[in-house]
Amino acid sequence: MYGFLKKSQTALKDTRKIQETYEASLLEASLETVLSKKSGRRVFWEFLRLEFCEENLEFWLACKEYQSFYSLEEQKRIAASIYEEFIRDGSPKQVNLDSCTREAIRKSLEQPGPSCFAVAEKKIYILMENCSFPRFIETESYKLFINSISNQRGLKKNRMAVRIKGPVEDFRVNPLLLVSKD
């Protein structure tokens, strides 16, 4: 009986490792995942700051916030603020957009709608995803972020169900064992 318990503990450890690897792989290499978490946005912003391009994330976040305003007065005020801070030539945090996109945004400021910055937002997201993010995933900050997410997901459950394959008569207990993760 002791040999069986030792084998099941080894199988449980192997199952945990496979589960942790699988969960980590689901999270890895996704800018969307990083931006969906407050801690992810913070570490990515820190990385972008070191790369001298944090304005890209700031602009993208400002666009997301802009979409939450429904009042025309609020939209006009926020759109003008975003334009002055990120779009206008020579603005303090000017993002890298082509002149056609800048001009289209400038014209739309008279009657801004929810999609006023949609094209620019998408272009900046693609820029972050293709240029900055591949370098970010090589950093220790990214690895720590992924590990913290994996640990949060894995440690929320104190128990894990494990099905042990084998003849039922070998067991004196239910074949579906609840095993503590500790």
Side-chain angles (χ1 to χ4, degrees), residues 5-70 78 81-82 85-87 92-97 101 114-165 174-182:
L5 288 176
K6 190 168 183 141
K7 286 180 184 178
S8 65
Q9 288 174 343
T10 303
L12 178 61
K13 287 178 185 176
D14 291 344
T15 302
R16 281 188 199 147
K17 286 179 186 176
I18 291 168
Q19 181 182 4
E20 288 170 3
T21 303
Y22 174 72
E23 286 178 356
S25 69
L26 290 177
L27 294 171
E28 286 185 34
S30 167
L31 179 57
E32 183 178 343
T33 299
V34 171
L35 297 179
S36 72
K37 304 282 186 188
K38 186 176 182 178
S39 59
R41 289 188 300 269
R42 184 180 44 77
V43 295
F44 188 52
W45 182 85
E46 285 292 330
F47 170 78
L48 292 175
R49 186 176 60 81
L50 295 173
E51 298 262 314
F52 303 103
C53 58
E54 71 272 13
E55 68 277 357
N56 291 333
L57 180 58
E58 292 173 8
F59 170 72
W60 186 83
L61 292 170
C63 290
K64 289 297 182 194
E65 183 180 357
Y66 170 79
Q67 293 169 5
S68 69
F69 293 101
Y70 296 105
I78 300 298
S81 173
I82 291 172
E85 188 173 2
F86 299 105
I87 307 295
K93 297 180 179 181
Q94 185 178 350
V95 290
N96 187 10
L97 294 170
T101 304
S115 61
C116 176
F117 297 103
V119 172
E121 177 188 340
K122 184 67 176 170
K123 287 182 178 188
I124 294 301
Y125 184 89
I126 290 170
L127 181 68
M128 290 189 298
E129 187 174 45
N130 293 333
C131 295
S132 302
F133 191 69
R135 290 189 304 276
F136 175 62
I137 62 175
E138 300 298 324
T139 66
E140 192 61 31
S141 297
Y142 174 76
K143 292 171 186 164
L144 289 171
F145 167 71
I146 289 299
N147 285 338
S148 74
I149 297 300
S150 296
N151 289 339
Q152 287 173 3
R153 295 180 82 196
L155 294 178
K156 285 185 180 176
K157 301 173 187 171
N158 291 328
R159 295 181 174 182
M160 180 173 70
V162 178
R163 180 171 300 280
I164 303 193
K165 295 182 180 179
N174 189 334
L176 183 60
L177 299 174
L178 290 177
V179 181
S180 174
K181 283 191 169 185
D182 297 315

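Any value given below was found using the heavy atoms of this structure, including those in side chains, with hydrogens, waters and symmetry copies removed. Count residues from 1 along the sequence.
Contact check on Glu54 versus Lys93 returns no salt bridge, with no Lys/Arg side-chain nitrogen under 4.0 Å from an Asp/Glu carboxylate oxygen. Between Lys143 and Glu140, none of the side-chain N atoms (NZ, or NE/NH1/NH2) sits under 4.0 Å from a carboxylate O, so this pair counts as no salt bridge.
Under a 3.5 Å cut-off, the side chain of Ser150 and the backbone N or O of Ile146 do form a donor-acceptor pair.
Aromatic ring orientation, Phe133 versus Tyr142: perpendicular (interplanar angle above 60°, classes split at 30° and 60°). The aromatic rings of Trp60 and Tyr125 lie tilted to each other, with the angle between the two planes from 30° to 60°.
In this structure the side chain of Gln94 never reaches within 4.5 angstrom of the side chain of Ile87, judged on heavy atoms. Counting only heavy atoms from C-beta outward, the side chains of Cys63 and Phe86 never approach each other to under 4.5 Å. For the pair Ser141 and Phe47, the minimum side-chain heavy-atom distance is 4.5 Å or more. Here the side chains of Lys123 and Val119 are in contact, with some heavy-atom distance below 4.5 Å. Residues Lys37 and Phe145 meet the side-chain proximity criterion, which asks for heavy atoms closer than 4.5 Å.
The CH2 atom of Trp45 sits 9.0 Å away from the CG atom of Leu50 when rounded to the nearest 0.5 Å. To the nearest 0.5 Å, atoms CE (Met128) and CG (Leu35) are separated by 5.5 Å. For the atom pair SG (Cys116) and CD1 (Ile78), the distance works out to 12.0 Å, reported to the nearest 0.5 Å. Distance CG/Leu127 to SG/Cys53: 7.5 Å, rounded to 0.5 Å. Rounded to the nearest 0.5 Å, atoms CZ (Phe136) and CD (Glu129) are 13.5 Å apart. Interatomic distance, CG of Leu57 versus CZ of Arg41, reported as 8.5 Å (0.5 Å rounding).
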Given Glu121 and Gln67, is the side chain to side chain donor-acceptor pair (under 3.5 Å) satisfied, shown in steps? CA-CA 11 Å; Glu121 177 188 340; Gln67 293 169 5; 2.8 Å; yes
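Of all heavy-atom pairs between Ser132 and Phe44, the closest is CB-CZ, 4.2 Å. When every heavy atom of Leu97 is checked against every heavy atom of Ala120, the shortest pair comes out as CD1-CB, 3.6 Å. Residues Pro134 and Glu138 share a closest heavy-atom pair of O-CG, 3.6 Å.
Taking a 6.0 Å sphere around CG of Asn96, one finds it holds 12 or fewer heavy atoms contributed by other residues, nucleotides or ligands.
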